[in-house]
Structure formats: C-alpha cells, structure tokens
Amino acid sequence: MTVLKPRTPPPADYYRNNFQAVIDFIQLHHRCALSAEDTRWIDAWSRCDTAAQRLLIRLLMRKGPWIRADKLVYAEIPNLHQAVNELKDEGLISVDEPAPADHLLDLFTLPELGASFPHTRRRFRPQGKAAWVNCLLSNYPEDVLRHRIQDHLHWLRVAGQESLARMQLLYFGSPSADLTAFVLRDLGMIRYEIYPVEESATVLVAPGVLDRYRELVVLEKWFDFLPVIDGLTKSLHARLVKPVTLRAAERRRSRLLNTLGLWHERREDVDRALACYACSSRHPARERQVRLLTRTHREFEAELLLEAMAARSWCVEEEIFAERFSKQRGLKQPDECLIRERPLFEPGPPPNPGAIEAHALAELETEGAWGLHLENVLPLMLTGLAFWDVIFGPAPGAFTHPFQSAPHDLWWDDFAKARAAPLQQARAAFASHRDPQSIIQARYLEKYGTACDLVNWRAIDPDQLARILKVMPTETLKRLVDVVIQAPGRCRTGFPDLFVAWPDGTCEFVEVKGPSDQLQPQQRAWLKRLGALAIPASVLKYRRRRETSCAT
DNA sequence: CAGCCAATCG
DNA sequence: TTCACACTATCTA
DNA sequence: GATAGTGTGTCTCGATTGGCTGTG
Ligand SMILES: [Mn+2]
Ligand SMILES: [Mn+2]
C-alpha cells in the first residue's frame with residue numbers, strides 16, 4: 001500500500017491507480033448497473049494512455065465542470081498538450097465548448113475583467129464581481145460575450161462527472177464517500193479495520209436501482225426551491241412515490257417524502273401531507289399521519305395506524321408515541337423512572353449547551369460522586385469494544401470495500417439476525433466472562449484510533465475508561481452491552497446524560513433536565529429499558545426558584 | 001490590511 | 001453534511 | 001405537559017492558497 005506524506009507529491013500514477021481500482025471493482029461486480037453512457041465513458045478512459053488518464057482524474061477531482069486551460073499544473077504529466085488532445089479526441093473533455101457566460105466570467109479575476117473589458121470598466125465602473133458579471137450580461141448578447149471571453153482565456157469541460165458520481169455510489173454505497181477515502185487512508189489520517197471484503201458482494205442489484213438512487217440524491221437540491229417554483233411539489237412527489245429496493249435509497253426517499261409532507265402540513269394541505277406520509281417508510285411518517293387523521297376526525301384510521309406502530313414499530317420513537325398517544329390523551333402519562341427535582345437559583349448556569357449538565361455534575365461532585373457527561377457515547381463505545389469481532393466479522397453484504405467504519409447494516413433492524421450464530425456465541429461468552437472489564441480495556445488499547453461508528457475515541461480517554469470500568473458493576477456492564485448489540489439502531493440515541501458513581505460502590509445514569517426541557521421519546525425508551533434491566537437510572541430536573549434559601 | 005471563504009492538494 | 005439534543009413559544013388542563 | 005418550530009454543536013482531515021470584501 002502506498003504511503004503518502006502531506007504536501008509531498010504522491011507517486012505519479014497514484015490517483016489514476018485509485019480510480020482504476022474503483023473501475024475494476026465495478027466492472028467485476030456491477031457491470032449490469034452501468035448505463036450505456038457509463039460504459040462508453042469507461043471504454044474511452046481505458047483507451048487513453050497513462051498520461052491522459054492522469055490528467056483526466058486530476059480534472060475529475062476538481063469541482064468543475066468549467067476549468068481554465070491555463071490552470072493545469074501537474075508535475076506527473078510530462079506533455080500536457082498531448083494529454084489534452086488525447087482526451088479531446090476521446091470525447092472525455094471539450095475545449096471552449098459554448099458555456100453559460102456567467103460561469104465563464106467566474107473564471108476571471110477582478111483585475112482580469114478590468115483588463116479584458118476596458119470599455120465596460122470606463123463606462124460603467126462596476127464595483128465588485130457580482131456587479132461586473134451582471135453588467136456584462138445585460139450589455140452583451142451571450143454569444144458575443146463568449147467570443148470576447150475566448151480572446152482572453154480558454155476553458156475545458158470535463159465529461160464524466162455524473163459517471164464518476166455513479167461509480168463512487170456503486171463502490172462506496174453511500175453518496176457522501178468519494179476517492180479522497182484512498183488519500184485519507186494512505187496519509188494515515190483514518191485507520192480502517194482490516195476485514196475480508198465479500199468477493200461476490202452485490203450492493204445494488206437491479207439495473208434501474210443505481211439510476212434511482214442517483215436521482216434521489218440529486219432531487220434533494222430541489223427542495224430549496226419549494227417556495228419559489230410553482231408546481232414543484234407535484235413533480236417531486238411523482239419522483240418519490242415509488243419504493244426502492246435498496247435500503248439506503250429507500251431511507252433517503254422516505255426522508256424526502258417526510259420533508260415534503262411537512263411542507264404541505266405547514267400550508268394546511270392535509271390531504272397532500274397524508275399522501276406523502278403514506279408513501280414513506282420512515283419515522284415520523286406514521287406519527288404525522290396519526291396526528292393529522294385525529295385532527296380531521298378520522299379516528300378509526302388513526303387507530304389502525306397506532307396498532308400497526310405498536311405491533312411492528314420502525315423505531316423506539318414510534319413505540320413510545322403509540323404507547324403515550326393511545327392512552328387517555330391530555331392526562332398525565334406515567335413516568336419511566338424516578339424523577340428528582342432540584343432548585344435552580346438565579347442566575348443559574350448560562351444557556352450554553354452542556355452547561356446544565358456541567359452544573360448538575362458539579363453539584364453531585366460536592367456530594368461525593370464522580371461522573372462524566374457522555375450520553376450515547378458510553379454505551380456505544382462499551383458495546384463496540386465488547387463485540388468488536390462480531391461487528392467486523394462476516395455477514396451477508398456487510399463489507400464491500402476497504403473504507404468502512406462499520407458493517408453496512410450496523411443500524412438496520414436485522415443486524416442481529418444477519419449474524420445470529422457468531423453473535424449468540426459472543427454474547428454468551430461476554431455474559432459469562434469472569435472479568436469482562438479486561439476485555440474492554442484490552443480492546444480499547446488494541447484498536448485505539450481505528451475507525452468504528454460505535455466508538456468515538458476522542459470522547460473517552462484511557463484513564464477515564466479505566467475509571468469507568470473500575471466503578472461500574474460487572475452486571476451493569478454486561479446487561480448494557482447485551483441489550484445494545486441486539487439492536488444497535490434502536491439504542492443509538494437517548495441515553496442519559498451522566499454516568500455517576502457514588503463512594504458506596506453504586507452507580508447510576510442520570511438524565512439532566514433544565515427548567516425548560518423535557519424528556520424526548522428516545523430518552524424515555526432508554527429509561528424504560530434501563531429500568532427493565534434493573535440498572536439504576538433517574539431524571540434530575542431543575543426547577544427555577546426565586547428564594548435564596550431552602551436546599552433539599 | 002484583516003478577515004473570510006471556496007478551492008485545492010496530499 | 002445529517003443528526004441528536006436543547007431551547008423557546010404557545011396552547012391546554 | 002403537549003406540540004411545534006427553531007437553534008446549536010458535532011461530525012467532517014488538515015493545511016495552504018488565492019481571491020473577494022469591507023474597513024480604515
Ligand atoms: Mn443530553
Ligand atoms: Mn439532558
């Protein structure tokens with residue numbers, strides 16, 4: 001594997017080879033997902049010689065698509081002109097292709113504009129770049145402007161940005177990952193776990209799925225224009241109604257449907273909102289439907305949905321909502337755990353995030369406790385370290401490329417089912433281990449820094465972890481990680497703010513609430529879960545008080 | 001000239 | 001970039 | 001207390017550069 005140093009040139013073919021590896025992988029596993037245009041593009045790439053390929057990948061890594069021809073400075077390309085011509089002959093770039101004039105004008109610097117358009121400068125004296133572009137656009141027809149621009153600079157357009165985006169989506173399985181993953185790994189900025197990549201893995205199956213996924217990624221941008229483009233909701237809805245088989249794409253589709261539904265709600269268009277939510281497979285679609293149906297006196301339909309939510313919930317928020325909404329509405333709902341109240345005297349902590357938790361911690365510390373404000377970080381890290389080998393162990397479709405910080409299905413509901421046997425074994429082993437703290441401790445030191453979605457290394461340092469493990473009862477540790485590993489996606493959020501250890505050897509988890517804050521559904525779910533596990537958990541609620549006396 | 005931001009690179 | 005969490009405003013019981 | 005709407009921090013990999021903008 002290549003080792004890179006920051007600011008020192010990589011091997012001449014480094015970027016090219018990275019890209020070639022992606023292409024090779026896709027041709028091996030995803031040939032049928034590619035469009036005819038993708039295939040043509042890859043064929044053209046393959047026909048180019050190394051120097052041209054080096055240039056093309058450099059251009060593709062830039063933002064583009066319009067690039068100044070005089071801004072190509074690449075040491076690894078010996079004959080730039082030859083490379084440009086070769087790419088041009090293959091149709092992989094174009095030179096001076098008619099482009100929107102405003103994009104081309106953006107390629108000029110301010111002084112260059114003054115020098116290139118002296119007449120405009122003298123006559124209109126435009127101030128600032130935006131004024132310059134406006135001024136030129138309103139005084140010249142676009143093709144005239146383009147000819148004038150061409151007298152002063154030449155520009156390239158890279159073809160294949162869309163194909164590259166599609167290939168990256170196929171390779172990484174997520175729209176945010178790109179070729180910089182190679183660079184970050186080779187620089188040592190991110191250390192990835194070593195795991196076997198499934199050879200026959202197919203992330204995307206049907207040929208149309210990739211196109212659909214890409215469409216959904218691109219579609220998101222249009223939501224910004226909802227207030228200004230008339231009839232946009234209709235075309236967005238039309239592109240969102242049909243479900244997708246690929247889970248990541250389906251998740252995205254449903255998220256967009258929920259956004260669109262909310263937009264309709266705010267415009268009081270209940271029917272359209274309901275139509276959006278009905279197509280969505282993601283929270284809070286069913287909650288919104290229940291609320292809207294109830295509000296419009298369709299209690300029967302609402303009741304059906306509530307039953308479905310209670311029977312097969314999508315997430316814990318749904319569980320809690322179904323539970324609390326069904327009961328006598330308007331009445332005070334039962335609490336999940338002990339709630340302690342404390343006075344908060346003026347002026348109190350500042351409204352900064354984390355201030356109220358720090359205040360609570362300070363109070364508890366004066367009473368002899370030791371604690372940390374860690375929230376979800378703690379149970380997730382403990383679980384990640386306790387079951388590291390299962391998490392990075394084989395499972396169908398879990399690992400498809402070497403840049404993963406978790407199996408693809410870590411947060412999906414069938415995580416446990418997909419690796420049932422090894423998980424059962426690991427759970428039994430951990431549950432019966434005489435000294436499970438030592439496993440966690442050793443794993444922390446062994447894997448420190450290795451990318452893992454469950455483990456935020458910076459949040460807990462070795463000394464803090466050692467102290468946590470020392471004061472946390474073994475049974476608490478065992479029960480905690482056992483419940484998380486069986487459904488990581490349902491345990492990801494809502495864990496109480498504080499881990500608190502008392503001198504008598506007991507410990508508890510404390511959710512701190514300021515005067516204007518209340519429990520969220522996920523937090524209720526965790527408190528309930530902790531209660532069921534007989535792990536001490538409570539809410540510490542601060543109430544504002546005027547008096548300067550009276551401490552409980 | 002300071003401050004900021006987007007682009008670029010390894 | 002999303003997401004998780006908190007804060008604020010307004011209403012009701 | 002319930003509900004809705006809004007804000008913020010935290011991830012982003014970090015450093016360098018060139019260019020724009022506003023202030024003096
Ligand atoms: Mn919190
Ligand atoms: Mn809290």
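Reminder, nothing fancy here: chain letters follow the sequence lines and each chain counts from 1.
Taking only side-chain nitrogens and oxygens, Arg7(A) never comes nearer than 4.0 Å to OP1 or OP2 of dC9(B). Under 4.0 angstrom from either OP1 or OP2 of dA4(D) there lies at least one side-chain N or O belonging to Arg291(A). Contact check, Lys63(A) against dA7(B): a side-chain N or O comes under 4.0 Å of OP1 or OP2. Listed pair Arg58(A) / dG10(B) meets the phosphate criterion, a side-chain N or O lying under 4.0 Å from OP1 or OP2. Remark: Arg288(A) is in phosphate contact with dA4(D), judged by side-chain N or O atoms under 4.0 Å from OP1 or OP2. The phosphate of dA4(D) (OP1 or OP2) has a side-chain N or O of Arg295(A) nearer than 4.0 angstrom. Distances shorter than 4.0 Å separate some side-chain N or O of Lys513(A) from OP1 or OP2 on dA6(C). Phosphate contact (OP1/OP2 of dC3(C), side-chain N/O of Asn376(A), threshold under 4.0 Å): absent. Contact annotation: Arg252(A) does not reach the phosphate of dT2(C) (side-chain N/O to OP1 or OP2, under 4.0 Å). For dT1(C), the OP1/OP2 oxygens have no side-chain nitrogen or oxygen of Ser176(A) closer than 4.0 Å. Dashed line: the shortest gap from a side-chain N or O of Arg251(A) to OP1 or OP2 of dC3(C) is under 4.0 Å. Taking side-chain N and O atoms only, Tyr15(A) has a distance below 4.0 Å to OP1 or OP2 of dG10(B). For the OP1/OP2 pair of dT12(D) and a distance below 4.0 Å, the side-chain nitrogens and oxygens of Arg458(A) include at least one atom meeting the criterion. Side-chain nitrogen and oxygen atoms of Lys129(A) include none within less than 4.0 Å of the OP1 or OP2 phosphate oxygen of dG18(D).
In the set dC9(B), dC5(C), dT8(D), dC9(B) carries the atom at the smallest distance from any side-chain atom of Arg62(A). In the set dC3(C), dG19(D), dC5(C), dG19(D) carries the atom at the smallest distance from any side-chain atom of Thr109(A). Taking the side chain of Thr180(A) as heavy atoms from C-beta on, and the options dG1(D), dG10(B), dC20(D), the nearest nucleotide is dG10(B). In this structure, of dT2(C), dC13(D), dG1(D), it is dG1(D) that holds the atom nearest to the side chain of Gln518(A). Out of dA2(D), dG19(D), dC3(C), the shortest distance to the side chain of Arg524(A) is found at dA2(D). For Tyr74(A), taking side-chain heavy atoms from C-beta onward, the closest of the listed nucleotides dG5(D), dC9(B), dC5(C) is dC9(B). Distance from the side chain of Glu220(A) is smallest to dT2(C) among dG10(B), dT2(C), dT6(D). Listed candidates were dC3(C), dT8(D), dT21(D). Nearest to the side chain of Leu110(A) is dT21(D).
Centroid-to-centroid, the aromatic rings of Tyr448(A) and Tyr444(A) come within less than 6.0 Å. When ring centroids are compared, His359(A) and Tyr542(A) come within the 6.0 Å threshold. Ring centers of Phe19(A) and Trp45(A): under 6.0 Å apart, within the cut-off.
Within the 4.0 angstrom heavy-atom criterion, only backbone atoms of the sugar-phosphate kind lie near Gly494(A); the bases stay farther away. Counting non-hydrogen atoms under 4.0 angstrom, Glu317(A) reaches nothing in the nucleic acid. Lys541(A) comes within contact range of the sugar-phosphate backbone alone, with a heavy-atom separation under 4.0 Å but no base atom that close. Across all strands, Arg282(A) comes closer than 4.0 Å only to sugar-phosphate atoms, never to a base (heavy-atom distances). Within 4.0 Å of Asp497(A), counting heavy atoms only, lie sugar-phosphate atoms of the nucleic acid but no base atom. No engagement by Glu265(A) is indicated, since no non-hydrogen atom pair under 4.0 Å with the nucleic acid exists.
Distance, Asp453(A) CG to dT12(D) C1': 13 Å, rounded to whole Å. Atom P of nucleotide dC3(C) and atom NE2 of His283(A) are separated by 12 Å, given to the nearest angstrom. Between the CG atom of Leu4(A) and the C1' atom of dG10(B) there is a distance of 6 Å, rounded to whole Å. Whole-Å rounding puts the Asn258(A) CG to dC3(C) P distance at 11 Å. Between the C1' atom of dA2(D) and the CG atom of Asp517(A) lies a distance of 14 Å, rounded to the nearest Å. At whole-Å resolution of the value, NZ in Lys71(A) and C1' in dC9(B) are 16 Å apart. The distance between atom CG of Asp186(A) and atom C1' of dC13(D), rounded to the nearest whole Å, is 14 Å. Atom C1' of nucleotide dG14(D) and atom NZ of Lys5(A) are separated by 16 Å, given to the nearest angstrom.
Straight-line distance between the P atoms of dA13(C) and dA4(D): roughly 16 Å, to the nearest whole Å. Spacing between dG7(D) and dC11(D) at atom P, rounded to whole Å, works out to 22 Å. With C1' as the reference atom, dT12(D) and dT8(D) are 16 Å apart, rounded to whole Å. Rounded to whole Å, the separation between the P atoms of dA7(B) and dT6(D) comes to 29 Å.
dG24(D): no Watson-Crick or G-U partner with both key distances under 3.5 Å is found in any strand. Pair assignment for dT17(D) gives dA6(B), based on Watson-Crick or G-U wobble hydrogen-bonding distances that are each under 3.5 Å.
In this structure, Arg247(A) does not pair ionically with Glu250(A), as no charged nitrogen and carboxylate oxygen lie closer than 4.0 Å. A salt bridge is absent between Arg16(A) and Glu76(A): the closest approach of a Lys/Arg side-chain nitrogen to an acidic carboxylate oxygen does not fall below 4.0 angstrom. Asp70(A) and Arg68(A) are joined by a salt bridge, as a carboxylate oxygen and a charged side-chain nitrogen come within less than 4.0 angstrom of each other.
Toward the 5' end of DNA chain C, the nearer of the two residues Ser516(A) and Gln520(A), judged by each one's closest nucleotide, is Gln520(A).
Looking at Glu318(A), its side chain does come within 3.5 Å of a backbone N or O of Trp314(A) through a donor-acceptor pair. No side-chain donor-acceptor contact under 3.5 Å links Glu341(A) to the backbone of Lys541(A).
Ring planes of Phe117(A) and His152(A): tilted class, angle from 30 to 60°.
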